[in-house]
Amino acid sequence: MGLQEIQKKIKDAFEVFDHESNDTVDVREIGTIIRSLGCCPSEGELHDLIAEVEEEEPTGYIRLEKFLPMMVKVLLERRYRPIPEDLLLQAFEVLDAAKEGFLTKEELMKYMTEEGEPFTQEEMEEMLSAALDPETNTIQYRDYLAMMVIDEN
Amino acid sequence: FKAAVLIQRWYRRYIARLEMRRRCTWSIFQSIEYAGQQDQVKLHDFFSYLVDHFTPSSHNERDFLSCMFTEKRLLKDPEMEKYCDYESIEVPDYYTGPHVSFPLLPDHATALVEAFKQKKQLHARYVVNILHEARNHLIQLPNINRISTCYSEEITVCGDLHGQLDDLIFIFYKNGLPSPERSYVFNGDFVDRGKGSIEILMILFAFMLVYPKEFHLNRGNHEDHIVNLRYGFTKEVMHKYKVHGKKILKMLQEVFCWLPLATLIDGKVLIIHGGISDKTNLELLEKLERHKIISTMKYTKKPEKEKLVEESRSSSPWFPLKSRSVPSSPLRLSPQKGSRSASIPCSFIPNRKEISKRVRKSVQLELEKCRQQVGVSEFKVQEELPLLPPESELDSCDLEGVNYEEWKQVADILWSDPMPQEGCKANTARGEGCYFGPNVTEQMLQRHNLQFLIRSHECKPEGYEFCHNRKVLTIFSASNYYEVGSNRGAYVKLGRDLIPHIVQYQANRATHTLTMRQRISRVEESALRALREKLFAHSSSLLGAFKSYDLDGTNFITLSDWSAAVESVLHLGLPWRVLRPQLVTHTTNNMLEYKSWLNDLAKEQLSHENIQSSLLEVLYRNRSNLETIFRIIDSDHSGLISFDEFRQIWKLFSSHMNIDISDESICDLARSIDFNKDGNIDINEFLEAFRLVEQSYLEDKDSELKTSETSDSSCSSQGIH
């Protein structure tokens with residue numbers, strides 16, 4: 001993909017959130033933009049990226065002219081690549097201490113909201129709404145992953 | 001720890017992509033909606049073109065044209081009485097719908113709500129009766145309705161409903177029916193688009209009559225018969241009331257124009273449908289005669305307006321030929337008359353008398369021409385033509401004609417939108433009103449000592465939105481406006497403290513059981529379908545644009561070029577590169593074989609193999625304009641237009657739009673649809689034959705069946721404060 005094409009792609013994604021049409025977006029939307037462009041940073045990595053493009057005195061807004069070069073570099077260097085499916089499966093298996101092939105609702109909630117970079121209540125509820133098998137009240141993570149992967153593609 | 005982070009990271013990315021899709025979907029709907037409104041502007045350009053350049057070469061054609069423009073207005077009360085003779089409409093014994101009698105009691109209004117919940121239809125007699133009483137009530141109201149929180153504990157303000165009866169029923173269910181303790185203000189746009197417009201009107205008017213002090217309505221830009229022609233209300237009425245529909249529509253014109261323009265709570269909170277402009281002046285608004293503005297749709301270009309108004313006012317009916325408001329050369333005046341083409345002054349529909357004057361003027365000119373040839377001077381002509389009453393007389397009995405400034409005040413109130421930037425500029429997306437910035441709001445609030453504004457007019461994903469430093473609140477009450485799951489509806493409650501409390505909802509049970517992913521997918525599908533249709537409608541232009549990127553004639557273009565080409569043709573301002581993966585599915589080596597892509601688009605749309613693809617494309621591109629024109633021609637709302645009318649209007653339309661389709665093909669098609677061979681075309685059949693009527697109409701029939709099953713438990717909410 002040529003440089004110009006990458007730049008246009010970034011601009012397009014940026015513009016979706018540029019509500020005032022003045023080449024700025026709310027800093028809280030940066031994460032969404034970066035991720036929609038194919039990257040998968042952790043929250044910590046995201047904060048670092050934002051720090052790079054913020055103004056000297058943070059205004060709550062990020063300008064395109066700062067964001068663009070940074071994002072181009074990220075894409076060219078292929079940083080924060082998406083996680084391969086098998087690695088994700090392994091991650092679930094690590095959490096599944098009893099190796100039963102599923103996680104209970106409580107287990108998942110505990111891990112997601114207390115460990116790592118915790119989910120907000122909203123994020124947790126949303127994940128459960130799709131992942132939870134209502135009959136058994138468990139998360140059959142293999143099936144869940146399979147479904148999500150199809151979705152992505 | 002690491003495992004948890006991994007999963008969270010992955011999940012957050014997934015959600016981000018969903019969010020991006022949701023935003024794009026929203027952009028698609030909005031840009032298509034505004035493109036549609038620009039169509040309306042084009043339609044009006046077409047009408048001004050017609051009047052400027054149409055040469056009535058025959059008696060029939062001239063009559064036809066003047067018929068289009070000179071609908072008679074119900075002027076005086078005696079005429080109104082004749083129209084409202086609901087007494088003469090008999091209600092048959094087999095009628096199982098609700099009955100209404102006057103004076104209206106709260107129980108009657110509640111019974112109406114119940115009946116409509118059960119999908120009953122109100123008999124035409126009662127419709128006419130209610131409209132009659134509603135008008136009598138509205139006439140007494142001032143332009144700006146002043147209400148107070150002293151009388152009732154709280155006031156609930158609702159925004160656009162757009163014919164979505166489910167939402168109104170839900171609001172009453174969740175918030176309670178109107179009562180002396182529970183005031184309501186409905187901020188316009190009750191009708192169009194949804195299928196329950198007339199029922200909503202009946203309920204709103206009924207409660208207004210039962211609780212005149214507590215139930216208030218503002219006029220919206222859709223309370224306007226010209227807009228209704230395009231956006232579905234006219235169709236709905238004619239469909240539901242085959243015998244009396246025409247009468248009902250005529251009466252509605254007289255009711256809509258009497259709706260108040262604004263509501264003021266405690267002198268502090270101003271509620272208007274659209275917004276304001278930097279010229280908005282409450283004193284002016286209070287004084288003008290609002291009922292003279294039947295429609296706020298303009299149809300001519302702005303710059304000439306102000307000049308022309310002055311001129312037309314000063315020109316006498318049989319104007320001196322040197323005046324600039326003479327129609328242009330097609331009437332073949334001799335050169336020294338030096339006439340310049342001029343568009344008709346501002347208020348098109350309000351000045352219907354103006355239009356008829358002009359048509360008559362053109363007749364006058366013909367006569368004058370003849371007289372010239374015979375050697376009679378122009379001055380003598382004036383004396384010899386007592387056919388038209390002097391203008392002063394026309395003015396006094398002329399209920400039309402509000403001056404431009406007043407008309408613009410109302411148009412601004414009904415059509416404007418807030419913008420983040422400072423200043424005030426013309427609202428090009430809608431063709432009416434303006435965009436107003438935070439400074440305009442601030443000035444307005446200070447000038448009139450107000451606390452904040454409440455307006456509607458724009459759909460918001462959450463049903464409401466604050467802007468201008470929380471001084472402007474947009475409230476929109478039609479949930480799932482674009483598509484099931486597209487947005488929430490909301491209403492706002494104000495107590496004595498005038499602090500807004502927002503309640504949100506989504507009146508469709510189905511959405512709550514879907515995951516966010518499924519909801520977004522569904523709405524997205526609908527948006528993409530609409531977008532593909534639009535792409536198809538521009539196939540020829542797209543092909544041209546693609547070819548310009550494929551100079552070597554390889555039949556392939558890069559995806560990057562595809563994005564650039566599509567934007568250059570459609571001008572929708574959409575993020576094409578983000579949308580591309582969903583619109584372009586087959587690529588070879590990152591290159592697109594554009595001809596087969598266009599063919600695939602066409603296959604999706606075409607249903608009749610015998611129609612040339614180019615013709616269908618043309619029809620598609622202009623379909624809403626065509627439908628509107630058809631409905632205007634069909635002035636008696638019979639659902640039929642004659643061949644001649646059809647041919648004439650098509651000829652004019654195609655020359656104006658530079659459409660290169662032979663009249664023959666159009667006529668052949670029309671003829672093939674005239675099943676009973678009586679020289680008339682059933683408008684609906686014609687449009688449906690080419691699937692020009694929106695597919696949603698058919699889909700709605702399906703969903704109607706579904707909602708009737710879940711109607712009892714249909715209204716669960718997500719009320720959040």
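Bear in mind the structure is a predicted one, so any value in this text is a computation, not a measurement. We use all heavy atoms of the structure for the numbers below, so side chains are in, but hydrogens, waters and symmetry mates are not. Order of the sequence lines fixes the chain letters, A, B, ..., with proteins taken first and strands second; residue numbering starts at 1 for each chain.
For chain A, the option among Ile7(B), Leu559(B), Val578(B) with the highest count of heavy-atom pairs below 4.5 Å is Ile7(B). Between chain A and the residues Gln8(B), Met20(B), Met419(B), Gln421(B), the most heavy-atom pairs under 4.5 angstrom are made by Gln8(B). The candidate with the highest count of non-hydrogen atom pairs below 4.5 Å against chain B, out of Gly44(A), Ser21(A), Pro41(A), is Pro41(A). Looking only at heavy-atom pairs under 4.5 Å with chain B, the residue among Ile33(A), Leu95(A), Val16(A), Val94(A) that has the most is Val16(A). Ranked by heavy-atom pairs under 4.5 Å with chain B, the list Ala91(A), Cys40(A), Ser36(A), Pro118(A) is led by Cys40(A).
Using a 4.0 Å cut-off between charged side-chain N and carboxylate O, Arg532(B) and Glu525(B) make no salt bridge. Under 4.0 Å is where a charged nitrogen must lie from a carboxylate oxygen, and between Glu29(A) and Arg23(B) at least one such pair does. Salt-bridge check for Arg12(B) with Glu123(A): passed, with a basic side-chain N closer than 4.0 Å to an acidic carboxylate O.
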Could you walk me through whether Arg577(B) and Arg580(B) pass the side-chain contact (heavy atoms from CB on, under 4.5 Å) test, one step at a time? CA-CA 5 Å; Arg577(B) 287 167 193 84; Arg580(B) 193 185 53 217; 4.2 Å; yes
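Environment of CZ in Arg81(A): crowded, with over 12 heavy atoms of neighbouring residues, nucleotides or ligands closer than 6.0 Å.
For Glu93(A), no part lies near chain B; criterion is any non-hydrogen pair under 4.5 Å. Neither the backbone nor the side chain of Ile34(A) comes within less than 4.5 Å of any heavy atom in chain B. Of the atoms belonging to Phe14(A), not a single heavy atom falls under 4.5 Å from chain B. Heavy-atom distances place no part of Glu15(A) under 4.5 Å from chain B, backbone and side chain included.
Although no hydrogens or angles enter the test, the distance criterion places no donor-acceptor pair under 3.5 Å between the side chain of Glu117(A) and the main chain of Arg9(B).
Aromatic rings of Trp26(B) and Tyr482(B) (six-membered ring for Trp) have centroids within the 6.0 Å cut-off, being under it.
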